[in-house]
Each structure stands twice: as C-alpha cells, then as structure tokens.
There are 2 protein chains.
Amino acid sequence: MAHSVFKYRTGEAYPYCYKYPQVALTADCVVFSYDGKDLLVLLIKRGQEPFKDRWALPGGFVNPDETAEQGARRELLEETGLEASHLEQFKVFSTPDRDPRQRVVTVPFIALVNHKSVAGGDDAAEARWFPVDKVPPLAFDHDQILSEARTALRRSLYFSPVSFTLLPPQFTMPQLQRLYEIILGRKFDRRNFARKMNSLGVLDFQGIESVGNDVVERKDVPSRKPSIFSFNRVKWSRMKDESDTNFEF
Amino acid sequence: MAHSVFKYRTGEAYPYCYKYPQVALTADCVVFSYDGKDLLVLLIKRGQEPFKDRWALPGGFVNPDETAEQGARRELLEETGLEASHLEQFKVFSTPDRDPRQRVVTVPFIALVNHKSVAGGDDAAEARWFPVDKVPPLAFDHDQILSEARTALRRSLYFSPVSFTLLPPQFTMPQLQRLYEIILGRKFDRRNFARKMNSLGVLDFQGIESVGNDVVERKDVPSRKPSIFSFNRVKWSRMKDESDTNFEF
DNA sequence: TTCTAATTGTGTTCTTTTGACCCATTTTTT
DNA sequence: AAAAAATGGGTCAAAAGAACACAATTAGAA
C-alpha cells in the first residue's frame, strides 16, 4: 500500500482521528467548452508536488459539510472563476494508490460552460484551454478520467441535447454539426444533419446576420453566409423529460 | 453537522489519524434478478442500529486496499453468497448526513445476477428478493439509490442488451419482452418486439422444448408452447463494442 | 466586371425501420 | 369436438435514415 495511515499519532499534525480507516474525498471537474471549432477542456498547472508543473483537472478536497457536487462547484469557482451551467457526475475513481500521498477517492464531474477565456484562480498558478485531442499527459489518473468523461458525454448527448449548453446564444448549423461530430466521433451528412436538427423543433431561426456572437465570426473565405439559430429552452427541457420516460430498445 | 470528528483523540478507540478530515467509504449493491415474471431486487434486513430491522441494500465498508468495485464484490459475496456477472457503477451519494453516525460516502453498483434463492450471509440476519415495485421503505437513502439505479439500468439497456445477464441460458421471447417492459417501463407490440430482437442477430433458436430451465415452466394455461432461445455471446459482445463507437444523435 | 473557389441551403429518391393490425397454429380445458 | 389462451408469421402504410444533385451566396482573383 502506497498511502499512509498513521496509527496512534496525535497532536496538531494529525488531528482527525477515526475508529476505522477513512479516505480523503476530492471532486474534480472535467470542464468542456467549445470555441466553434474545437472541443476544449480546461486544465490547470499544478504548483506543488506531486506532479508539480504537470497539467491536471481542476478540483480539490470536499469539505465536511459539502456534497461532492457542491465541492466541485466551489473548487471550480476558486480555481478558475467559472460557474458551470451543467454539472454531471459520471463515475468514481477509487484505486487505492491513485494518489501517492494517501488514499484519495475522487468524484469527477462533467462541467459544460460557454466558452470564455480564464485566468488562473487562487489555488492554481495557471489555467488554460486545450483541444481535447491535444491534451498533454496529465497528473495522477486524470488521463483516464478525461477519457471516461468523453464517453460519458457521448452518452449524455444521446439522451438530451446537452450540446446547447456548450454553444453561445447564437450559432450556425455547421458549428452545431461540428460539435456533434467531435463529441460523437463520427461524421454526418450536412443535409441530413440539418434536416434532423430542424425536425427536433428546438431550434429558432434568427436570420443570417450574427448579433454580438463570440463564436460566429466570418472568416475570410469566400462562401455563403450561414443562418443563425438559437435554441428554444422550453422545448429543449420538454425533450429532456421525455427522454427519461419514453425509452426504446 | 451530524457526523462526528474527534480531534486530538488517540489510543485504541480512534487509531486512524489524518491531517485533514476524511470520510468513510462504502460500496452498496443494487442486485437485480428476474424470475421470468418480476424484476427482483435483493435486500437484507439490518441487524443493528441505525435502522435496525429495516430492509437495506447489501453493502459495507471498502477496505484500504480495495477499489470500490472490489469492495462491492466482496461484500455481496459475504452477505449473500452471490457473485455478480455484471457490476456497474452509476453514481455516488455524498450528502453529508446521509448516515447519522458519521460521514459516509457510498458508491452503489448495479449488480445483475441469474436468479436463484439466497440465504442470509455472515453479516446479515436475513436476505430476500423483492419485486422492484413492492419494495418496503428502506434504510438510509437507499430508496433514492434504488430509484436512480433503475434509471441507470434503463440507460444501460439502451446501449447494450445487458438484459441477457438477467436471463437463464434458455428463455422465451415473451419472457424477454416482459423483462424489457419492466425495465423500460413501457409496453411493446408482441410481434414488433420479436421481429426487432431477431433482427439484432444475438438470439439463437433452440427449439420449443425447454431443457433444464429454471425459468421456462409451462403454466397450466391452454396455449401454444413458446420457442426457446439462447443468446449468442460473441455477437452480443461485438454489439457492445459497436455501441461505444457508433453513436447516433 | 466577370470568373472561380468555397461553403451553405433546398430538394429528390431509394432503402430501412417502425407501428398497427389480421389470421393461422398450437395446446389445455370443457 | 369446441372454446379459450397464448404464440408465430405476415402485410401494409407511415416515418426515419442514407445517399446524392444542384442552386445560391460570398470573397478574392483575373
């Protein structure tokens, strides 16, 4: 066993004593966003050992009076200043020696946020967005956590269009399609994709001129201007409810 | 805070001391089986306070050298003698005061087993199968855990026919259909269901006479004998793999 | 201005899947 | 032998999915 349990030790150094062996509980966030081109994940550079100077998922210890989700929200805010509009638990990582210092069980969350730049917060020296396919080797078992988060994100997208929480208020069909393709890892026919999305009834047509949209930016390419859409939250949440009651096989 | 943290206490009574507050980690099992008629869940009667004599999910503390999954397997075996052929984590329950004694974070697993009768194990006074729709009020937050387990089971069934692990080696189409209907909470047309199941290509026709099947038993009703099927594990696992790579939207 | 390349929007056709339903077959009871 | 209960096989139309053709718009080059 790599982690340390100190028996019969007391005083200021080890003040929390229990009858049975315990574990430390952390909450990590796999924060995704989308800049209209790449699916991005937020990483922070560790300032301390172990894994000093390695990139890692933002997160930290859960306080005694917090649920894991509350801890995840708090840590995310402290370390990056971000508030997640969608937070979803997907699995627990409990391999005994995943942290070399002591036994740490972590509850990772998928957090979806609208894209904006972030500065490092109090705890972290540096925070940066990475395209999900260009992520450097991470600290601890965070590579595996990220990998499983992507699978879980896929499954979520199957049941409800969580994709919208990754998009700005206004977006184009090609952008929406690229997002689906990145998350699901496959290509769709342009026309069939648009037809299906429109038939879902959650898109509102907004015209063809973007109005203060961070993502929709005309590149200097000669091509037709795309239509701008927004999504209808009312119909969207109705869809989410139905996906929990009307199951196929 | 309901749970107790004893500072600066030492000796035999509280020998596990840490620098930061910790939590106790348990693994619970939501064990499902199917008798050909009802979806069943395994419960044990608690022999100790709190919630003495109340029914609860089998489970217990995770040892320092175990992952949560290993702990779940061990506890299940100790308490009920069962070995799960399918074990799947779905969520963590970490509300600070969910256990009145101290902070306990639990990792519940969905366990699917072939149906057989169980006797109580070492720890538990009594173990019994309950139809999922006739479960009494449970100890702790186990009602909520069971409820979320059923939702997670639905979603699993969407991605791969986990249902087969609940069935005996040989089964009939009506039995399979009933199982789907119970898990998914909706009815299917008899003929359409059979057509789709056959088209999946994971069923092998075995004839119309059952051979040593616990589940297939002719009731005393006047009706045609149903066909017997088994499932093709090779094609089934291939399907599972595909469901992770070939996503729709 | 005109032409070209890039990209988006709309429509068509064919195939597959789904949903709803009829009727024949088998088996036990009367 | 007839009736009742449950299964099996099949049809038909509607919906959904896959593949593909072509017109429209825009920026830059000729």
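Convention: sequence-line order gives letters A, B, ...; per-chain numbering from 1.
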Can you name the residues that form a side-chain hydrogen bond (donor to acceptor under 3.5 Å, both in side chains) with [X], not counting sequence neighbours?
X        : result
B:Ser94  : none
A:Arg74  : A:Glu66, A:Glu78
B:Glu181 : B:Gln177

> Can you name the residues that form a ring pair (Phe, Tyr, Trp, His ring centres under 6.0 Å) with A:Phe90, not counting sequence neighbours?
Replying inline: none
> In chain order, what residues pass the ring pair (Phe, Tyr, Trp, His ring centres under 6.0 Å) check against A:Phe231, with sequence neighbours excluded?
Replying inline: A:Phe164, A:Trp236
To the nearest Å, how far apart are [X] [atom1] and [N] [atom2]?
X        : N      : atom1 : atom2 : result
B:Ile208 : D:dG8  : CD1   : P     : 10 Å
B:Phe193 : C:dT17 : CZ    : P     : 17 Å
A:Ile228 : C:dG9  : CD1   : C1'   : 14 Å
B:Gln177 : D:dA6  : CD    : C1'   : 12 Å
B:Asn198 : C:dT17 : CG    : C1'   : 15 Å
A:Leu203 : C:dG9  : CG    : P     : 12 Å

>> If the cut-off is 4.0 Å, is B:Lys196 near the phosphate of C:dT18, judged by side-chain N/O to OP1 or OP2?
In response: yes
> Taking OP1 and OP2 of C:dT17, is either one under 4.0 Å from a side-chain nitrogen or oxygen of B:Ser199?
Replying inline: no
>> How would you summarise protein contacts on nucleotides 18-25 of chain D per nucleotide, using B for base, S for sugar-phosphate only and - for none, with heavy-atom distances below 4.0 Å?
In response: BBBB--BB
> Think B:Arg190 forms a cation-pi with B:Phe188, using NZ or CZ under 6.0 Å from the six-ring centre and within 45 degrees of its axis?
Replying inline: no
